[in-house]
Amino acid sequence: MSLSLQGKKGLVIGIANEQSIAYGCAKALKEAGAELAVTYLNEKARSHVEPLANALDARIFMPCNVVKQEELEQLFKAAEEVWGEIDFVIHSIAWSPIDELHGRVVDSTTEGFCKAMDISCHSFVRMAKLAEPLMKKGGSLITMSYYGAEKVVDHYNMMGPIKAALESSVRYLAAELGESNIRVNCISPGPMMTRAASGIDHFDKLVESAQSHSPLHRLGTTEEVGNMAAFLVSSMSTAVTGGVHYVDAGHHIMA
């Protein structure tokens with residue numbers, strides 16, 4: 001059995017530039033034959049994402065700021081109008097107020113914590129709700145986490161509990177949507193030099209640690225995350241759901 005996504009259609013949400021994990025996923029999905037819908041955050045981001053969407057031959061290219069529920073709903077409505085149904089959703093979004101990300105969890109504000117939770121975690125739940133009626137023959141929902149959800153990682157701070165909630169949500173969604181043959185999975189890359197990661201304080205030290213302590217003595221790449229996403233979308237993973245799948249050169253197994 002070869003990995004082919006011919007005939008599969010779905011959404012990739014979270015591309016910011018060529019270094020984005022979401023773009024690595026989109027490229028792998030496209031190369032395997034899938035048709036894509038691609039989003040951009042706002043007009044400022046559009047000029048960075050539109051050339052990438054064109055290179056991917058995206059059938060749909062729309063704004064999607066998940067804080068605005070109407071934009072999220074419009075995206076799924078457009079997918080229904082263009083395709084009638086979808087097979088996958090890639091959720092690659094994380095956000096935190098920068099000052100709170102650099103501070104202690106115990107000092108986080110209710111407003112900052114709740115907004116970070118809504119954007120980074122609950123937006124995936126809301127996407128799952130919108131995707132369910134469009135996944136008429138089943139489908140695959142995928143989000144992105146990090147090892148800081150499982151263990152305390154220096155300087156990951158508030159995003160640790162939020163990613164832990166995301167991973168737990170994956171398990172509950174997998175249980176609830178299994179009857180509809182919708183599989184829900186999480187990919188956990190190691191540190192990667194993306195724009196989102198640049199907000200983490202002392203990120204260079206996380207990178208150095210991952211390179212020196214992982215069994216493969218290197219970082220994972222966005223292309224390798226994309227390969228995992230393509231596998232989780234494909235018919236080769238039809239019994240795989242509810243899991244966290246590490247693409248971090250083995251760093252998570254090391255003490």
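The first residue in the sequence is number 1, and the count goes up from there.
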Keeping D87 on the side-chain end and G10 on the backbone end, is there a donor-acceptor pair under 3.5 Å?
no

Check for a donor-acceptor pair, side chain of K136 on one end and backbone N or O of G84 on the other, with a separation under 3.5 Å.
yes

Atom CE of M254 and atom CG of D248: how far apart are they, to the nearest 0.5 Å?
11.0 Å

Shortest non-hydrogen separation from I93 to G14 and the atoms involved
CG1-CA, 4.2 Å

S168 side chain to A164 backbone, donor-acceptor under 3.5 Å:
no

What's the verdict on side chain to side chain contact (heavy atoms under 4.5 Å, CB included) for Q74 and M62, showing C-alpha distance, side-chain angles and the deciding distance?
CA-CA 9 Å; Q74 288 165 4; M62 293 180 65; 4.1 Å; yes

Test your reading of the model: is there a side-chain donor-acceptor pair from T109 to the backbone of G112, 3.5 Å cut-off?
yes

R183 side-chain N/O to S237 backbone N/O, donor-acceptor pair under 3.5 Å
yes

Looking at E167 and Y146, what are the two nearest heavy atoms and their distance?
OE2-O, 3.9 Å

Using 30° and 60° as the class boundaries, would you call the ring planes of Y246 and Y147 parallel, tilted or perpendicular?
perpendicular

Check whether any side-chain N or O of S120 sits under 3.5 Å from a backbone N or O of W95 as a donor-acceptor pair, and report yes or no.
yes

Under 3.5 Å, is there a donor-acceptor pair between the H91 and T143 side chains?
yes

At their closest point, which heavy atom of A229 faces which heavy atom of I90, and how far apart are they?
CB-CD1, 4.3 Å

Scanning both residues in full, the closest heavy-atom pair of V153 with G148 reads CG2-CA, 3.7 Å

Which residue pairs satisfy the salt bridge (Lys or Arg N to Asp or Glu O under 4.0 Å) criterion with at least one member in residues 208-222, sequence neighbours excluded?
R218-E224

Would you confirm whether N65, through its side chain, and L41, through its main-chain N or O, come within 3.5 Å as a donor-acceptor pair?
no

For the pair S140 (side chain) and L232 (backbone), establish whether a donor and an acceptor sit closer than 3.5 Å, ignoring hydrogens and angles.
yes

Is there a side chain to side chain contact (heavy atoms under 4.5 Å, CB included) between H245 and V240 once you walk through the steps?
CA-CA 10 Å; H245 309 279; V240 180; 3.6 Å; yes

Flag if over 12 foreign heavy atoms under 6.0 Å of CD, E179:
no

At what distance, to the nearest 0.5 angstrom, does CD1 of I142 lie from OG of S92?
11.0 Å

Drop me the distance from H122's NE2 to C114's SG, to the nearest 0.5 angstrom.
12.0 Å

Can you name the closest pair of heavy atoms from E132 and S180 and give their distance?
OE2-OG, 3.9 Å

Can you list the steps and then say if L134 with W83 is a side chain to side chain contact (heavy atoms under 4.5 Å, CB included)?
CA-CA 9 Å; L134 300 184; W83 291 316; over 6 Å; no

Tell me whether N227 contacts the main-chain N or O of A230 through its side chain, where contact means a donor paired with an acceptor under 3.5 Å.
no

If you compare all heavy atoms of I13 against all heavy atoms of V89, which two are closest, and at what distance to 0.1 Å?
CD1-CG1, 4.4 Å

Identified side-chain contact (heavy atoms from CB on, under 4.5 Å) partner of V233 from the options L141, N185, L29:
L29

Hey, mind stepping through M135 and L177 against side chain to side chain contact (heavy atoms under 4.5 Å, CB included) and telling me if it holds?
CA-CA 10 Å; M135 292 184 163; L177 299 176; over 6 Å; no

Of L5, L36, V12, the one forming a side-chain contact (heavy atoms from CB on, under 4.5 Å) with K30 is L36

Between the main-chain N or O of M144 and the side-chain N or O of K163, is there a donor-acceptor pair closer than 3.5 Å?
yes

